[in-house]
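Below is one structure, written out as structure tokens; the observations come after it.
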Protein chains: 2
Amino acid sequence: MATGRTHRPATRSRGIPEATVARLPLYLRALTALSERSVPTVSSEELAAAAGVNSAKLRKDFSYLGSYGTRGVGYDVEYLVYQISRELGLTQDWPVVIVGIGNLGAALANYGGFASRGFRVAALIDADPAMAGKPVAGIAVQHTDELESIISDNGVSIGVIATPAGAAQQVCERLVAAGVTSILNFAPTVLSVPDGVDVRKVDLSIELQILAFHEQRKAGEEAAQDAAQAGATAPAPARASRVLPDAAATPATAATGPATGAATAPVASADARDNQGPDGDVPAVMPA
Amino acid sequence: MATGRTHRPATRSRGIPEATVARLPLYLRALTALSERSVPTVSSEELAAAAGVNSAKLRKDFSYLGSYGTRGVGYDVEYLVYQISRELGLTQDWPVVIVGIGNLGAALANYGGFASRGFRVAALIDADPAMAGKPVAGIAVQHTDELESIISDNGVSIGVIATPAGAAQQVCERLVAAGVTSILNFAPTVLSVPDGVDVRKVDLSIELQILAFHEQRKAGEEAAQDAAQAGATAPAPARASRVLPDAAATPATAATGPATGAATAPVASADARDNQGPDGDVPAVMPA
DNA sequence: ATGCCTTTGTGAACGCGTGCACAAAGATGG
DNA sequence: CCATCTTTGTGCACGCGTTCACAAAGGCAT
């Protein structure tokens, strides 16, 4: 899952809880698959299994939309597909611009999921003049200078930012000023936007770090368990390879006085991070 | 944000709430930026602003890690960077494999954020024999046949799935069988995994659909407001361009009897979706 | 040394989301 | 037409996460 949720915190939009909204696309996907297999009806139990959620939760979610089921039978697949699509606004055609056509931007432009559900890539925009005119995914890349006119000419309200972190906030401001009110941000930065603008964030690095946390915890428990069992089975070495020297769990220098700022921190690969702008930028060059 | 959270629901891992864990990478990024600017200390207020969260929340988050602040002063940047890194398991080196080297997989392989924080791309794996040996991001792509040996030889515990939806579950099972216990899934499918395996999902399509929902709601409110103001200002046409005929809000055919399965559903671009497997698959070809 | 001022750490209240469990509703078979 | 069986829709309780508000803690100036 992406890490989004830079949302209006409380405001329950039109009575439908945010958590439910986030699951509707999941249901829609499962329903679409059923529809393609010409399945006429589906029970909450079956659909919940397909979507990977609890059936009670699914029924409650649907109850926010209305009473669309038939007791003793289940839900009509086609009808539900329509209702959810309408609720999500997918019966409209949403023009989308992608800003930053590096590796990721190009991949997004080619992503089938965009076009498949009412989303249409209206334009690809990049700051590099050398990119201008180049076709990516069948669409000619346009220069950032034309951003404002592209937005207003096409009535774009959804923008995707796939630029390096450093450029994201500026691009964001231009998008918002031009009329964009929803932004999907792939750059590893916190965007600040005025009220009324929705931002969702997808951050690969954060997802990996969360996984690493759980992985470490699992390794720790495993080790504790192994220790408790006094090596009945093979020692099962912790899976992570290079473990740091674990220099004094508490760097005394930094603990008390404000560190002079130099690299006293024993963080892994702190050096490798330095020569690349703040954090993991999206490289702008395509691979071989 | 990605849509993940296919997690152990309750189990508060080592006392640290899941929500807090998800924010730690955010704090870490902000702290790293401060560290590079040689800022010695930072208050919860400042850091919270940089991370885009409430300062009380930040303090409570940190309180789960321990008492690392100094009252009246704030937090020592270097020290906190180290503590969070350690808590997240980033003082270790995590070898990662990426399966599915299409557009997205290649973009991920080139993604700077991977290497920057203890994550090392150990191998790129693709099912297409024609890809085998080709260098992507400086690493030669290997064939799926070698998946198991790659995992065990490198002690890989984290896998990234960037395959088309159809192949994802199978790849997932092979990864898990080979010893992977954490998976970052970019394929638009619900993966089923045994207990003890963590899955996080990143789904671009879902993020867009959530944005579309809010966008539609905003447009609706705006329209209602305009109607209330009786067109004092310019009519401000709803931003979405092509609006469907809105055929009878209730497709009567499907409402009562189980539809015959054929396309009665007035869903936008239902046709465009058909010739591409269930939902938005990740195209396997690179762009021009 | 003493008092003031800043900032942390946390107790407590609140609200949202989840899951249980069951009554109501409707289909289905006799 | 009635009985039975399936499945929905939801009232209720519980737990997690968020936020407020404040007391304790420490630096700093005098």
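Lettering follows sequence order; numbering is per chain, from 1.
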Atom [atom1] of [X] to atom [atom2] of [N]: distance rounded to whole Å?
| X | N | atom1 | atom2 | result |
| --- | --- | --- | --- | --- |
| L58(B) | dG17(D) | CG | P | 16 Å |
| E46(B) | dT7(C) | CD | P | 8 Å |
| E45(A) | dC5(D) | CD | C1' | 16 Å |
| E18(A) | dG15(C) | CD | P | 19 Å |
| D61(B) | dT8(C) | CG | P | 14 Å |
| K57(B) | dC16(C) | NZ | P | 14 Å |
| Y79(B) | dT8(C) | OH | P | 16 Å |
| Y68(A) | dT10(D) | OH | C1' | 17 Å |

Could you work out, with side-chain hydrogen bond (donor to acceptor under 3.5 Å, both in side chains) as the rule, every residue matching T189(A), not counting sequence neighbours? none
Considering only residues two or more places apart or on different chains, which pairs with a residue in residues 60-69 of chain A satisfy salt bridge (charged side-chain N to carboxylate O under 4.0 Å, His left out)? R23(A)-D61(A)
side-chain contact (heavy atoms from CB on, under 4.5 Å) partners for A49(B), two or more places apart: none
Side-chain donor/acceptor of K60(B) to base of dG17(D), under 3.5 Å: no
I'd like to know whether Q169(B) forms a side-chain hydrogen bond (donor to acceptor under 3.5 Å, both in side chains) with E173(B), so could you lay out the CA-CA distance, the side-chain angles of the two residues, the decisive distance to 0.1 Å, and finally the verdict. CA-CA 6 Å; Q169(B) 180 62 43; E173(B) 283 163 14; 2.9 Å; yes
For F213(B), which of I16(A), L90(A), D198(A) qualifies under side-chain contact (heavy atoms from CB on, under 4.5 Å)? I16(A)
Checking F62(B) now: which residues fulfil ring pair (Phe, Tyr, Trp, His ring centres under 6.0 Å) with it, not counting sequence neighbours? Y27(B), Y75(B)
Between N54(B) and dG17(D), does any side-chain N or O lie under 4.0 Å from OP1 or OP2? no
Please check the phosphate of dG9(C) (OP1 and OP2 only) for any side-chain N or O of Y75(B) closer than 4.0 Å. yes
Considering residues at least two apart in sequence or located in another chain, which fulfil the salt bridge (Lys or Arg N to Asp or Glu O under 4.0 Å) criterion with R59(A)? none
Assign S67(A) to base, sugar-phosphate, or nothing according to its heavy-atom contacts below 4.0 angstrom with the strands shown. sugar-phosphate
What does nucleotides 21-30 of chain C look like as a protein-contact string, B for base, S for sugar-phosphate only, - for none, at under 4.0 angstrom between heavy atoms? B--BB-S---
